Colleague: 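Let me give you the structure first, and then I'll get to my questions.
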Amino acid sequence: MKPNLVNTPLIGVMGSRGMLSTPALVLDLDRFEANLRLMMDLARRHGMAIRPHAKTHKCVEIARRQRAAGAIGLCCAKLGEAETFVRHGMGDLLLTSPIVTAAGIQRLMSLIRTAPETMVVVDDARNVMDLAAAAAASGVRLRVLVDLDVGLNRTGVASVEEGVTLARLAYKAASLDFRGIQGYAGHAMHIVGREARHAELARAAELTWRLQRALTAAGLAPAIITGGGTGSADADTAAGVLTELQVGSYIFMDREYQDVWQEAGERPPFDCALFLQTTVISASRPGQCTTDAGCKAFATDAGAPRIVAGAPPGARYDFFGDEQGRVTFARTEDRLPPGAVLTCMTPHCDPTVNLHDVLHVVQGDRLVDIWPLEARGCGQ
Ligand code: PLP
Ligand code: MN
């Protein structure tokens with residue numbers, strides 16, 4: 001028995017999706033595998049590597065499958081995620097957010113004793129000096145990438161010139177190994193309309209390319225240029241600036257991402273593979289019913305879930321408190337009895353996954369496995 005599953009009421013009833021205790025996070029295995037292959041093929045065709053972002057799935061089994069499909073490593077947003085994956089034998093990690101606190105830097109030093117190839121991004125001279133001092137004191141050599149702000153305005157140096165200055169600083173520190181650039185265009189991922197999205201992504205790629213040229217001219221040619229997400233994969237592979245893609249959501253997809261293509265009348269490049277299964281618990285009022293999945297089951301930052309199965313056409317889902325959801329019917333004669341099971345597309349996959357302990361893996365209606373989400377909640 002998998003240790004995380006001791007309290008799962010599923011033990012003993014494996015086999016049927018209809019028997020799941022809800023709210024249950026469900027993964028369609030065939031669609032997941034298809035998404036995995038599709039992204040890998042896209043990258044390979046363009047001579048690019050994939051280092052998928054594990055903040056999306058928080059799941060060791062998924063990380064293993066990504067590696068088995070050809071991924072060169074994993075990205076983590078937080079030290080806690082990285083520590084968890086290393087504990088489970090995963091390596092070649094990139095921390096895509098700066099580690100700046102004294103406690104964080106000490107944890108990073110411990111981590112690289114086990115996984116010396118771990119990389120971290122930097123965007124601040126003081127932080128580079130702190131990392132260099134800690135690495136020297138620990139007798140290790142820390143790999144760093146200069147984070148360039150390509151328009152998200154979240155992290156990253158604000159200009160190409162600052163990027164060169166910071167890279168030079170890292171290069172000069174004997175305890176640091178300057179490896180390259182991160183340029184993540186998160187602001188452009190959900191722009192509706194291919195033309196508008198690609199125009200913004202072209203601006204980001206141009207900026208990243210300018211830093212690549214400037215570093216090369218300064219004798220600091222970057223070995224790694226990382227960035228990209230699910231919404232930019234086609235543009236990134238066509239632009240050819242990045243050496244590796246840090247895509248996350250492509251394995252699962254969510255309503256927010258599906259909308260990007262659907263609102264433009266285009267077919268989403270990846271199928272939705274992640275769903276939340278919920279049960280009607282009350283049907284005492286006409287025109288609506290109440291389910292067992294509220295904002296403790298779905299992340300609420302991206303609007304409402306989309307019902308994809310189990311409800312009459314036109315039924316809408318909204319949050320109805322911590323523990324409940326409300327389904328509002330399109331027609332007054334519509335009704336769903338208590339016990340009816342609905343399947344929903346999650347509004348935003350990553351923060352939704354973080355609310356759950358396990359993924360229920362299905363093929364059709366058959367429950368074929370349960371995968372623990374080992375790094376869920378590891379947000380520090
Ligand atoms: N890289 C970074 C730094 C991110 O923050 C994210 C997601 O927010 C990703 C990559 C993955 O993006 P996506 O889930 O759109 O594929
Ligand atoms: Mn996301």
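What you are looking at is a predicted structure, and each value in this text was computed from that prediction instead of being measured. Whatever order the structure lists ligands and atoms in, that order sets their numbers, starting from 1.
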Colleague: Against T96, only a single residue in Q182, Q246, K78, H53 fulfils side-chain hydrogen bond (donor to acceptor under 3.5 Å, both in side chains); can you say which?
Modeller: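 Checked Q182, Q246, K78, H53 against T96; only one passes side-chain hydrogen bond (donor to acceptor under 3.5 Å, both in side chains): H53.
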
Colleague: If you measure from the Lys or Arg side-chain nitrogens to the Asp or Glu carboxylate oxygens, is any gap between R126 and D130 under 4.0 Å?
Modeller: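 A salt bridge is present here (some side-chain N lies under 4.0 Å from a carboxylate O).
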
Colleague: Consider side chain to side chain contact (heavy atoms under 4.5 Å, CB included). Of T230, L38, L42, L245, which one does Y250 pass it with?
Modeller: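 Single side chain to side chain contact (heavy atoms under 4.5 Å, CB included) partner of Y250 among T230, L38, L42, L245: T230.
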
Colleague: Classify the side-chain pair Y317/T328 by whether it contains a donor and acceptor separated by less than 3.5 Å.
Modeller: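 There is no such pair between these side chains.
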
Colleague: Does G227 have a non-hydrogen atom less than 4.0 Å from ligand 1?
Modeller: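 No, that is not the case, since the closest heavy atom of the residue is not under 4.0 Å from the ligand.
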
Colleague: Counting from 1, what ligand 1 atoms have a heavy atom of Y257 closer than 4.0 Å?
Modeller: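 So the answer, numbered in order with elements, is 13 (P), 15 (O).
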
Colleague: With respect to K55, determine whether any N or O atom, backbone or side chain, lies less than 3.5 Å from an N or O atom of ligand 1.
Modeller: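 Between K55 and ligand 1 (N or O atoms, distance only) the closest approach is under 3.5 Å.
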
Colleague: Taking the inter-plane angle between the rings of F32 and F252 on a 0 to 90° scale, is it parallel (under 30°), tilted (30 to 60°) or perpendicular (over 60°)?
Modeller: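 Ring orientation, 0 to 90° scale: tilted.
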
Colleague: Residue-level breakdown please: for R154 versus ligand 1, do any non-hydrogen atoms fall below 4.0 Å on the side chain, on the backbone, on both, or on neither?
Modeller: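 The answer is the side chain.
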
Colleague: I want to check something: taking the side chain as every heavy atom from C-beta on, are K55 and E81 in contact at a cut-off of under 4.5 Å?
Modeller: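 Yes, at least one pair of side-chain atoms sits under 4.5 Å.
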
Colleague: Identify, for atom 14 (O) of ligand 1, the protein heavy atom at the shortest distance, and state residue, atom and that distance.
Modeller: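 Sorting protein heavy atoms by distance from atom 14 (O) of ligand 1 puts S249 OG, 2.5 Å first.
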
Colleague: Going by atom types only, do D147 and T155 share a side-chain donor-acceptor pair under 3.5 Å?
Modeller: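 Present: a donor and an acceptor within the cut-off.
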
Colleague: For the CZ atom on R194, are there more than 12 heavy atoms of other groups (residues, nucleotides or ligands in this structure) within a distance under 6.0 Å?
Modeller: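 No, the 6.0 Å shell around CZ holds no more than 12 heavy atoms from other groups.
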
Colleague: What protein N, O or S atoms come within a distance below 2.8 Å of the Mn ion (ligand 2), ordered by chain and number?
Modeller: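 Listed by chain and number: H348 NE2, D350 OD1.
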
Colleague: Run the numbers for me: atoms of ligand 1, each under 4.0 Å from some heavy atom of V247, listed by number.
Modeller: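 Every atom of ligand 1 under 4.0 Å from some heavy atom of V247: 16 (O).
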
Colleague: Please say whether G248 places an N or O atom under 3.5 Å from an N or O atom belonging to ligand 1.
Modeller: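 Yes; at least one N/O pair falls below 3.5 Å.
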
Colleague: So is E256 close enough to ligand 1, meaning a heavy atom under 4.0 angstrom away?
Modeller: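 No; E256 lies far enough from ligand 1 that no heavy-atom distance drops under 4.0 Å.
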
Colleague: Hey, does T230 come in under 3.5 Å of ligand 1, counting only N/O atoms on both sides?
Modeller: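 T230 vs ligand 1: N/O contact under 3.5 Å present.
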
Colleague: Can you name the one residue among I370, L29, D369, I62 that meets side chain to side chain contact (heavy atoms under 4.5 Å, CB included) with L359?
Modeller: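 Output: one option passes, namely I62.
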
Colleague: For atom 6 (C) of ligand 1, which of Y250, Y184, F270 has the closest heavy atom?
Modeller: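 Selected option, by shortest heavy-atom distance: Y184.
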
Colleague: Under the rule for salt bridge (charged side-chain N to carboxylate O under 4.0 Å, His left out), what residues qualify as partners of D292, not counting sequence neighbours?
Modeller: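 Applying salt bridge (charged side-chain N to carboxylate O under 4.0 Å, His left out) to D292 gives none.
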
Colleague: Is it true that R107 and E83 have a side-chain N and a carboxylate O under 4.0 angstrom from each other?
Modeller: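 The answer is yes: the pair qualifies as a salt bridge.
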
Colleague: Are any of the N/O atoms on Q182, whether in the backbone or the side chain, positioned under 3.5 angstrom from an N/O atom of ligand 1?
Modeller: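 Among all N and O atoms of Q182, none is under 3.5 Å from an N or O of ligand 1.
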
Colleague: What atoms in ligand 1 come closer than 4.0 Å to a heavy atom of G228?
Modeller: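 Listed by number with element: 10 (C).
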
Colleague: If you measure from each non-hydrogen atom of Q246 to ligand 1, which part falls under 4.0 Å: side chain, backbone, both or neither?
Modeller: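 Both backbone and side chain.
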
Colleague: Tell me which one of V120, L169, V128 satisfies side chain to side chain contact (heavy atoms under 4.5 Å, CB included) with L176.
Modeller: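 The passing option is V128.
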
